[in-house]
Amino acid sequence: MADKIVIRFPDGAEKEFETGVSPLQIAEGINPQFAIRQLVAEVNGKLVDMNYHINQNSEIMFHSFNSEQGKEVYWHSSAHLMAQAVRQLFPEVKVTIGPSIENGFYYDFDREQSFTDEELLAIEERMHKLAKEKLPFLRQELSKKEAMAMFKKMNEPYKIELLEDIDDNEVISIYTLGDFVDLCRGPHLEHTGKIKAIKLLKTSGAYWRGDVSKKMLKRIYGITYPNKKDMKKYLLFLEEARKRDHRKLGKELDLFSFSDDIGQGLCLWHPNGAMVRSIIEDYWKKKHYAADYKIVYTPHIGKAELWQTSGHLDFYSESMYSAIEVDGSDFYLKPMNCPFHIEIYKSTKRSYRELPLKYSELGTVYRYEPSGALNGLKRVRGFTQDDAHIICTEEQLLEEVEKLLDFSMSMLQDFGFEEFRVKLATMPDKSVGDAKDWDKAIKSLQNALEKNNIKFEVDEGGGAFYGPKIDIHIKDSLNRLWQLTTIQFDFNLAERFKMEYIGADNQAHRPFMIHRALLGSIERFFGILIEHYAGNFPVWLAPVQVMVIPLSENYNHYAERKYTKLREQGIRVECDFRNEKVGYKIREAEMSKIPFMYIVGAREEDTNTIAVRRHGSGDLGTFTFDEALKVIRGEIQERT
RNA sequence: GCUGAAGUAGCUCAGAGGUAGAGCAACUGAUUCGUAAUCAGUAGGUCGGGGGUUCAACUCCCCCCUUCAGCCCCA
């Protein structure tokens with residue numbers, strides 16, 4: 001072994017060190033302050049502990065809490081800390097696994113009863129205490145056999161089960177944290193002292209290894225930060241998310257509701273919500289006509305034979321409502337619109353000159369979702385997809401996918417979403433069609449993305465049963481990701497339904513089909529919009545755009561004249577004629593999040609003007625009717 | 001579907017083995033008002049539903065329904 005090794009830094013600089021030097025030592029050499037902030041090192045692309053020994057020439061990179069990798073290690077170590085605290089307080093509990101997640105970490109424990117809030121607080125307190133002790137995470141490597149013996153002795157059945165799945169020759173690493181030993185690949189923080197702010201958030205049940213047939217474990221979710229400020233920021237975010245919850249705002253703004261008498265997951269659109277929906281739909285239709293789509297309407301139910309042909313009864317039946325028997329035939333509520341659009345296609349002989357044919361429909365579908373999965377408008381059992389099927393030739397496929405990517409993003413931008421994340425989902429376990437077709441389809445989707453310089457991630461096995469897909473996720477105003485658009489390649493239905501077109505060669509050919517929804521489901525999209533805007537819809541979407549507020553009954557007549565004029569101009573306006581003080585009426589209009597309030601009294605009537613108040617920003621001053629109209633029209637135009 | 005928690009007036013919530021309470025909303029009356037709550041009065045509930053224990057159940061027990069947090073799944 002050489003005495004000296006060369007370490008290369010991300011900026012290309014190189015420096016010589018003693019063999020066996022640790023990342024921590026290197027970092028301290030750079031700057032002690034810098035070293036304190038670094039949580040984990042990446043040596044030759046592999047994440048390692050800060051006290052790892054580097055024995056050869058290497059490239060090094062450090063990760064602080066600001067990088068994804070740094071956070072991951074930080075939260076993973078926090079999970080270990082929590083497990084240690086739980087083991088100290090509840091020695092009978094068996095430990096399982098505890099990874100980091102997007103926001104924080106969890107650890108699953110095998111325990112008969114759930115953890116109570118008081119217990120959670122006690123665990124949190126113990127974690128604080130253990131963190132202050134600056135316990136080191138000590139890595140130790142051993143053979144699988146040794147590890148098995150060790151966890152058997154410790155009576156940790158879940159660890160043994162995990163070990164059993166590991167290759168016999170692999171080196172197993174364990175980490176010791178005070179009195180707690182855990183099977184873990186690592187890496188970890190140097191010591192628990194780096195964990196400053198700790199909050200255990202909630203408990204829940206979770207199946208061992210996510211398998212419904214396995215034991216239900218007790219999960220504790222938590223989050224930690226290197227400083228109190230970040231924790232405060234995160235807790236504020238949670239608070240803000242709670243405030244924006246579409247279920248809460250849906251009630252407060254009278255947008256929608258559910259009724260026990262109707263059934264789970266079946267929503268009622270109240271006039272305010274229905275107004276927003278109808279604006280979304282009008283906008284959607286206009287965009288679709290402009291993009292050369294044909295709009296169609298189809299029934300809500302169809303015969304069993306139809307769903308047999310489509311493959312839904314074989315591959316999707318557990319998500320379908322059960323059959324309705326009529327005149328000796330079984331009918332099913334539609335979970336998707338595709339077979340109906342295909343039947344429209346097949347209603348006459350098609351020529352290649354007609355292609356691409358784009359059928360679109362705001363089609364209401366019904367899916368039997370597990371009751372525990374239902375969640376406000378975000379997950380319902382009856383919903384309307386902004387669906388379309390593009391039937392085209394193989395040569396047209398690429399261009400159509402490209403157009404769709406563009407179409408989707410331009411539409412989502414109009415709704416105030418600027419940031420996108422794209423995923424390419426491949427063949428799932430349950431699927432139709434052979435692997436070769438799948439490969440070809442995945443390649444063409446990939447081509448479309450690459451050609452348009454769209455960055456994407458691959459979601460292995462995430463495709464629909466009939467084909468691979470591209471999903472577009474948006475980032476909302478709280479930086480949360482939501483999947484809206486799905487562009488699904490489908491080479492199976494055309495086959496199953498024996499779709500054809502006559503080509504230039506006068507021969508019958510099988511067309512290709514793309515199934516897509518841009519907003520996803522109108523219900524879900526609305527829920528996301530409510531939260532994105534915190535209920536403060538931009539003027540173009542606001543169910544009521546203006547509230548005219550007469551100062552007293554003496555000005556009702558003048559107010560009504562303005563109200564009528566606005567209505568004639570196509571503005572969604574209401575007038576508060578009630579016998580209340582102006583402050584009261586303003587308060588109610590503000591709470592209803594109505595963008596504009598036009599207040600009229602003696603001064604306005606005398607000068608034929610209106611006093612304009614904007615929701616959230618207060619009194620804007622006095623305007624003539626035309627001026628006020630110009631302001632509101634401007635906002636509608638801008639979609640702000 | 002599974003695990004856990006919850007369900008009291010239209011809404012937000014208090015209470016409790018002896019047959020329910022507040023604020024807001026609603027209704028009535030007075031007030032005619034200048035940028036986020038005028039005053040007074042009235043009405044409103046088989047305490048999610050069903051069964052059981054008890055002299056007595058909103059409260060204790062069982063079943064069901066719904067909601068919430070997750071798991072699983074997903075538009």
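FYI, side chains are in, hydrogens and waters are out, and symmetry mates aren't considered; it's all heavy atoms of this structure. Here is the naming used below: chain letters follow the sequence lines, and residue numbers restart at 1 for every chain.
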Would you indicate what [X] reaches in the nucleic acid, counting non-hydrogen atoms under 4.0 angstrom: base, sugar-phosphate, or nothing?
X: A:Glu318; result: nothing
X: A:Gly583; result: sugar-phosphate
X: A:Gly601; result: base
X: A:Glu580; result: base
X: A:Lys202; result: sugar-phosphate
X: A:Asn375; result: sugar-phosphate
X: A:Val365; result: nothing
X: A:Gly205; result: base
X: A:Ala517; result: nothing
X: A:Arg219; result: sugar-phosphate
X: A:Tyr221; result: sugar-phosphate
X: A:Gln483; result: sugar-phosphate
X: A:Met597; result: nothing

Nearest to the side chain of [X] - [options]?
X: A:Glu553; options: B:U32, B:A36, B:C73; answer: B:U32
X: A:Leu551; options: B:G34, B:A75, B:G70; answer: B:G34
X: A:Arg367; options: B:C74, B:U66, B:C71; answer: B:C74
X: A:Pro370; options: B:G34, B:C2, B:C72; answer: B:C72
X: A:Arg247; options: B:U35, B:A75, B:A69; answer: B:A69
X: A:Ala611; options: B:U32, B:A75, B:G34; answer: B:G34
X: A:Tyr584; options: B:U35, B:A75, B:A25; answer: B:A25
X: A:Lys469; options: B:C71, B:A36, B:A75; answer: B:A75
X: A:Lys251; options: B:U12, B:A36, B:U67; answer: B:U12
X: A:Ser521; options: B:A75, B:G1, B:U32; answer: B:A75

Problem - Interatomic spacing from CD1 in A:Ile344 to OH in A:Tyr297 - rounded to 0.5 Å - result: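 With rounding to 0.5 Å, CD1 (A:Ile344) is 12.0 Å from OH (A:Tyr297).
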Practice task
Report yes or no: is the ring centroid of A:Phe383 under 5.5 Å from the six-membered base ring centroid of B:A75, with the two planes under 30 degrees?
Solution key: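 It does: the ring sits over the base of B:A75.
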Write down the partner of [N] under the Watson-Crick or G-U wobble criteria, each distance required to be under 3.5 Å.
N: B:C60; value: B:G52
N: B:A40; value: B:U28
N: B:G21; value: B:C13

Problem - Interatomic distance where OH belongs to A:Tyr366 and C1' belongs to B:A75 [whole Å] - result: 15 Å
Problem - Derivation of the side-chain contact (heavy atoms from CB on, under 4.5 Å) call for A:Gln483 and A:Thr486 - result: CA-CA 8 Å; A:Gln483 189 215 309; A:Thr486 183; 3.7 Å; yes
Exercise for the section: Apply side-chain contact (heavy atoms from CB on, under 4.5 Å) to A:Tyr221 and A:Asn103, showing your working. Expected result: CA-CA 10 Å; A:Tyr221 286 90; A:Asn103 285 305; over 6 Å; no
Handout entry: Residue whose nearest RNA chain B nucleotide is more 5′ - A:Lys218 or A:Gly376
Key =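 The residue whose closest nucleotide sits nearer the 5' end is A:Lys218.
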Handout entry: A:Arg111 to A:Phe115, cation-pi by 6.0 Å centre distance and 45° axis angle
Key = yes
